[in-house]
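Source: prediction; values computed, not measured. Lettering of chains follows the sequences in order, A, B, ..., and the numbering in each one begins at 1.
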Amino acid sequence: MRLLKTYKPFYAPFCDLCCNCTYGKCDLTAGKKGACGIDIAAHQARWVLVQCCMGLSAHGAHGHQLVDHLINKHGEDYKIDLGLQIDVEAPIIRTVLGLKPETLGDLRTAIEYVERGLIHLVSSTHTGQEGSNLDFENKALHAGMLDHVAMEVADIAQIVGYKYPTSVADTPLVDLGWGGIDRTKPVVLVIGHNAAPSIAMIDYLQDNDLEDTIEVCGICCTAHDTSRYTRRAKVVGALSRQLFFIRCGIADVIIVDEQCVRADLPEEAWKIGAALIATSDKICYGFEDVTDKEIDEIVAMIAEEGKQVLILDPDKAGEVAAKVAPLISTNRKKGGGFIDEATAVELAKDCRDCGLCSQACSNLLMIGKAVKEFSAGSAAKLSDIFKSCFTCGKCEVRCPRSIPIVKIMQAVATKDTFKIRSGRGPIHDIEIREVGLPIVLGTIPGVVAFLGCSNFPKGEREIAEMMEEFARRKYIVVASGCAAMAAGMVKDDEGKTIWEKYPPGFQAGGVLNVGSCVANSHIAGAAIKIANIFAKLPGRANYEIIADYILNRVGACGVAWGAYSQKAFSIATGFNRWGVPVVLGPHSAKYRRLYLSRKEEDDWQVMDGRTGKMTVDYVEPAPEHLAYVIESKERAITTIAKLCIRRNDTPAGRQIKLNHYIGLHKRYMGGLPDDIHLFIRRPADIPMFFKREVMEYLKEVGWKQRRQVGLPTLITTYPSKANIDDIK
Amino acid sequence: MRLLKTYKPFYAPFCDLCCNCTYGKCDLTAGKKGACGIDIAAHQARWVLVQCCMGLSAHGAHGHQLVDHLINKHGEDYKIDLGLQIDVEAPIIRTVLGLKPETLGDLRTAIEYVERGLIHLVSSTHTGQEGSNLDFENKALHAGMLDHVAMEVADIAQIVGYKYPTSVADTPLVDLGWGGIDRTKPVVLVIGHNAAPSIAMIDYLQDNDLEDTIEVCGICCTAHDTSRYTRRAKVVGALSRQLFFIRCGIADVIIVDEQCVRADLPEEAWKIGAALIATSDKICYGFEDVTDKEIDEIVAMIAEEGKQVLILDPDKAGEVAAKVAPLISTNRKKGGGFIDEATAVELAKDCRDCGLCSQACSNLLMIGKAVKEFSAGSAAKLSDIFKSCFTCGKCEVRCPRSIPIVKIMQAVATKDTFKIRSGRGPIHDIEIREVGLPIVLGTIPGVVAFLGCSNFPKGEREIAEMMEEFARRKYIVVASGCAAMAAGMVKDDEGKTIWEKYPPGFQAGGVLNVGSCVANSHIAGAAIKIANIFAKLPGRANYEIIADYILNRVGACGVAWGAYSQKAFSIATGFNRWGVPVVLGPHSAKYRRLYLSRKEEDDWQVMDGRTGKMTVDYVEPAPEHLAYVIESKERAITTIAKLCIRRNDTPAGRQIKLNHYIGLHKRYMGGLPDDIHLFIRRPADIPMFFKREVMEYLKEVGWKQRRQVGLPTLITTYPSKANIDDIK
Amino acid sequence: MMKPYWDVNILTGSKTARIIDDPAQWAGIIKKAIRPLYILGPDTVDRNIGARLFLEYCLDVAKAGKLPICATGHVRKKMLERDVHPDSNYDIIEIINHLQDPEWLGVKKEGNHDLIVFSGVRCDLAERGLATLKYFAPHLKTMALCRFSHPNADFALPVIRKDSKWQEYFEILIDNLS
Amino acid sequence: MMKPYWDVNILTGSKTARIIDDPAQWAGIIKKAIRPLYILGPDTVDRNIGARLFLEYCLDVAKAGKLPICATGHVRKKMLERDVHPDSNYDIIEIINHLQDPEWLGVKKEGNHDLIVFSGVRCDLAERGLATLKYFAPHLKTMALCRFSHPNADFALPVIRKDSKWQEYFEILIDNLS
Ligand code: SF4
Ligand code: SF4
Ligand code: SF4
Ligand code: SF4
Ligand code: SF4
Ligand code: SF4
Ligand code: SF4
Ligand code: SF4
């Protein structure tokens, strides 16, 4: 892979040993090899591939199940129609498979393609298989690409199957936050990523005119998707508030589907006296499978015997939940976990300031000190920590005095209600037509996509700040999954969230919520569509050319600031495969692998697609890295602006991009960036506003003007069957 | 799953921490939970499932590739015909899928079923999915079952595609060992599990009358399979001799396909000046993919430029290898790694007895002492160690004086030639008909299957001894993969291996080699066929009933004494799923999970299938464990005999089984077994020979006679749709 | 955190054994136990320490400390040859499986054991078993009387490289137990 | 083997840092280095030690030891405010990526560094970076001047819980460097 030559894999091993087979553990430090002959780099890359396979399987299995469920409902010839605004329905499937999916059955074909690929990828992670880290990475990139196919299948399936709105950009604003939940009604909490059972419940409520009697709220992507289905569904928040919200005891019934659900929900639900219904073969919790029992019998098991059950039929699960909720709600002491500030302080008083909780913290928070100070009357530190806390509960488990730290945090958590725009699905063709040219020329300075997951180093606030910075500067700002929720958790002085302040279209200065995790596919899809629609590159099975186009001409940058899961990793790797760089938050170093270049030393040669003659050393590291961890928000903002620079920028476009890069750098980092000379090809690239200063610097570093390359491309700089004449 | 109630999962964590996602590392000691809420048991079970998925993928991807390759050659309607002796062609596929495969296309359908299952299994290993260790185990058992489907597909595909003999039991005896390789000819070494490129090479040699000019030898399963294809192919040995043999420098060309191949072959091949051709997308080694180049060009790249290449077309790879071998052979200093004893002693003299090598040893061998003594003239210890050494090379990498320990071992390795019977494939229907009744009644005391892999604690010798012990006692003894090879590496006083001494049929006292790893499916297949053919249980999609039948009536026991890989683990888990217990060697504790019962405490209730009335506490732990690690050969032999006991044994059968159990116990363990009373239902069960002694013991422990159960079954002792009337 | 002799046994984790250099201290811990159990593995019959069989030392320890014995592997046979009857006869994984259950009655049917001492179990297997007990048997403590050291035990020896030192360790221990 | 302050940084493995209690000894190691580099992370500008900004101590160390500085995160800005120009301006992962290459010329273009000292990098991220260097940069040594201790470094501090102790450590170190 040509990409891996410039963007070399960077490994940060998490462990000195390999424990994969019974020859181990093998110590891989200091150049040692394992009993199977593997070295540390290949071992890390193998792990990377395993992670990507897990990620793609999560979406793939989810997609297959959804498609099967909907085919059951609607038949396999059910037409895919995303509405008036969208002709190019499935840019990823088209490009990868060369298939234009027209029916649900075609989506199944696409998923089968993913499944076929998966088994080969997993196979090569077996001991005694692949020996080269680069080939493992190659496979990981392939896995990322399959993941994007799987996500596209899953989101298209639910959009057409559940008729989510897709023809409008300004989807409704829905309530966000735990404060606005109406606790006087029975409350059903839905958690996960596969909305089928939750939607079945909503249908049941609607069909029986019970909508007003039950409060439906959700966490994670199922929340996104139920709020696409009905405005009434409320969004509690991101994954990181799962344990917190459950411990509040507000939910009467919890419906769990799949992905990003805590493994200890049975215990947690039991503690607050809520019913728990598992609905997926992915998460069975050891519950009895009651799928084949009668609904009334199941309702009785839950409401009377207090059983937690597994119901694999979404429709049945939905109906059971709807029926159980009022029964549970009247029987139990409502909000058993709900406490007031005085109680919280009282509970905190048991703290002996031993600091064990701090040591256990996943996010390196000094939680012990905060609890101590809170018990002494000062809530400031705890309130601060709550903002960065994922409520993972590790501190609490460690506390020798069993202080309920997570519960105590209720005292400092805002009870405010926020807003989030519900997910809109794919970008419209017409929008692409309008912004395609300015993006490729560089006059829209970039598309910045904030991808899901909420393992944020310093809380939700940073996401909102970053998004706003780019929206204000007229970038196109897109968000998905937990990131979209996080962005909505911050209000400005006028009490407005970012979702209320910016236009919802794919336009300069627009702020978009595409939807749940699987809607990430629409972000890659938009980049592909730019090539398809605007540049008229043929879409079908024209993978390599399109990725090359995006890498060299579409100024897009992904930001996965809180990436925690295997899915997030495979999604990011998939973006890389499409030529889109991704900035990751500090936790993501734990993924063990990044793709980095070294701007001064690496291979920046490109081909001039117009003349077909090799440009010797193009110098310009654009984009500089493909998968890159950045430590602080300030530096991230600066770097994102830089990563939107593309080789194809016109002088006007480049000026605009550099203007932002320099401006942000001055603001957050101080002074001119010291690599600015690498991005200036000719004097016309220099932003007016900084001209004098930049010129001086250029002189200092001995900058020389370079010629502009027409249609820059990597095609022909590496062995490939792709034809340079195809790049246009 | 009812099985998991009696045979509870036993976990031996390999690590205190979980490092699966960016919330980690999470410390899971002392009841702590991870940030996702998972506990140590579920975390271990998740790992178990990952391992099983890797194993099943190895076979599944291999199967799919073989089937596709053969469909390319023969078309998808190519008929499956396993010869005269076999009507029930694919017992596993029939039972699991309810499909009777008749063509290659049907095999593809079966593999697609496996692929569809895989994605769901991998999905549930993602962070935030399954929370219950039991449900992970359930999925692992399912994975094991899918693995068996995949193996059956792969072996049937190659049998019909390459017309391996299947109608005879006494397949040829082929040469085994490194001593017999004719080094005067160009030598091609094939390594791996997918014989397609190797067979293409053999075809090319045959078609061009070159067979006599080139020596073909193999390691691991490809060796098995080439020797099924042609008697001329020689078997070097098991996986454990890979590095050893390569370092001898005898091979001129190495063809690598997939699975159980060292990750460092490129370096090792380069050191001895041999050409290396990779042929699978599973193992690319970072080589240039030259599949699309002309054959002559590739030959020149290898022979003249010394390049190592990847050729993904098996036919092309085969031809290239055949053409390259003579060129390389004349150009290089033959046998560059080959040394005589004097040189070896000289090399060993550098040893400073620091012991670092010993500490690194995967098999806890005191290799340092042995090297030291060898350098001082005494080879005994080194010779002893070589027999237990897997030549993994870890000691050598660690040696601060870079002593080539593996090479030195040539001095103490036998240069003898041994014999192995080439793989025979499925068991014939007629054989099943003959032994079905005595097996079910217990008068053939058991079927003991030695499954592949060579991570033996004390070397190959133990396998040969165990097999012989049971063959002599008229058990049916089956072997596969590396175990079959290991068994052939030992000669008796008359110079005969076990393969030359016992009949090759599936009969009392027979010793069979079914073939490579994927032929393990025929062992499970035989158990199913006993139910199908002899008991006339309907085969199709009648999974639960068949497994229950096997568990309660077919006295089979698997032995995976050297299991090292994820495949071996998923195969074993698959056997468990079929109701066949598996004894594992000590290394296998590193798999982290076993299925054990406690004979005094656990639930041994069974249903009497004849009356349909629950037998309260049947007492008898038969079989006692499902997946069980045993530390020493002596205890293993004794336990295997015990694990062949089944509830359905007639008094005559039980007498015979107990006769062996007691006899072996007395010989290896001393005295009567102290659990013998659990296996004696009525006096008629007591073996004549030990009658007095046993009666005394029974009196001592207060034994009471129990009633015999007709058609024992677990059906109806747990919720299931299976009908007790179906068990017959 | 400690490093055992064998690389394959390097602890990956956080909770590691206390290393006890002084055999007298070992003796003290054993003596304090109410229902200790001594598990003997096959290395005790397959290896010598100096001129004596490893097993002889172990039997002396058992006798001096009045420890009931669980004979694993094929140890039983050599014990019977010396006219010592093991108190139980499980293989290593089996006995560990039983020990996990706090309700188990132990080899003497008097209740589960509170201290488990190991000798002569294959080092990598013992380490797996100790890991099981570390996690799933918080109700008991484990001691590895093994010269190669065991991080997953509660108490372990330092690595003892010399036979003579190992012999001496045993002798002092036995003295202190009686 | 050692235990750092943060659980997520527990070493899983075999090769762990030498803990150096004595600041004078640290100073000695730094002085012996030919081309050291001091990497400053954002914690240096986001945290105080006592009343002073963490960064102030670090700048004192750099000055006393004549260490070139690599400013990561947004440290540069606060340095410029104090009129100190960082010698380079990579983010943490970037500088580590460069350090892996023995042929790299270093921030002063005089050759790659032989000793890397860290302060104020987010602890879990620093630990990942140190792991990278441990494996892929055998040509240099790493020192974690961090109160939470870093097992993947070559040299680390013990865990220092008290601010006053931490201040004192810096002071002695600075004294010994000058
Ligand atoms: S790789 Fe992870 S699970 Fe395995 S030993 Fe290392 S830290 Fe533990
Ligand atoms: S996979 Fe390789 S490195 Fe890992 S434990 Fe097995 S032999 Fe060792
Ligand atoms: S709940 Fe919050 S404070 Fe506690 S360990 Fe988790 S992230 Fe840290
Ligand atoms: S662990 Fe518990 S007692 Fe200790 S500091 Fe934290 S909250 Fe306080
Ligand atoms: S998967 Fe769970 S236990 Fe493992 S690192 Fe992530 S949060 Fe921790
Ligand atoms: S090559 Fe043999 S002696 Fe050396 S470490 Fe491997 S198993 Fe041990
Ligand atoms: S490591 Fe090398 S020098 Fe040391 S004992 Fe082993 S062979 Fe001898
Ligand atoms: S038997 Fe095991 S070790 Fe041997 S080739 Fe097959 S899988 Fe590999």
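- Only the side chain of A:E268 comes within less than 4.5 Å of a heavy atom in chain B; its backbone stays farther off.
- Of the atoms belonging to A:L239, it is side-chain heavy atoms, and not backbone ones, that fall under 4.5 Å from chain B.
- Heavy atoms closer than 4.5 Å to chain A are found in the side chain of B:H64, but not in its backbone.
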Please step through side-chain contact (heavy atoms from CB on, under 4.5 Å) for the pair A:K394 and B:D27, ending with a clear verdict. CA-CA 9 Å; A:K394 272 163 75 171; B:D27 183 350; over 6 Å; no
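- With a threshold of 4.5 angstrom between heavy atoms, B:N20 approaches chain A through its backbone and through its side chain.
- With a 4.5 angstrom heavy-atom cutoff, A:C284 touches chain B via backbone and side-chain atoms both.
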Test log, rule side chain to side chain donor-acceptor pair (under 3.5 Å), inputs A:H120 and B:K282: CA-CA 7 Å; A:H120 294 282; B:K282 308 300 174 298; 2.9 Å; yes
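- Between the B:T22 side chain and the A:A563 main chain, a donor and an acceptor come within less than 3.5 Å of each other.
- Proximity to chain A is absent for every atom of B:V256, based on heavy atoms less than 4.5 angstrom apart.
- Heavy atoms closer than 4.5 Å to chain B are found in both the backbone and the side chain of A:C26.
- With a 4.5 angstrom heavy-atom cutoff, A:I38 touches chain B via backbone and side-chain atoms both.
- With respect to chain A, the highest number of heavy-atom pairs below 4.5 Å among B:L121, B:T391, B:L265, B:L118 belongs to B:L118.
- For a residue to count as touching a neighbouring chain, one of its non-hydrogen atoms must lie under 4.5 Å from one of that chain's; by this rule B:E288 does not touch chain A.
- Of all the heavy atoms in A:F287 and B:D135, the pair that sits closest is N-OD2, 4.0 Å.
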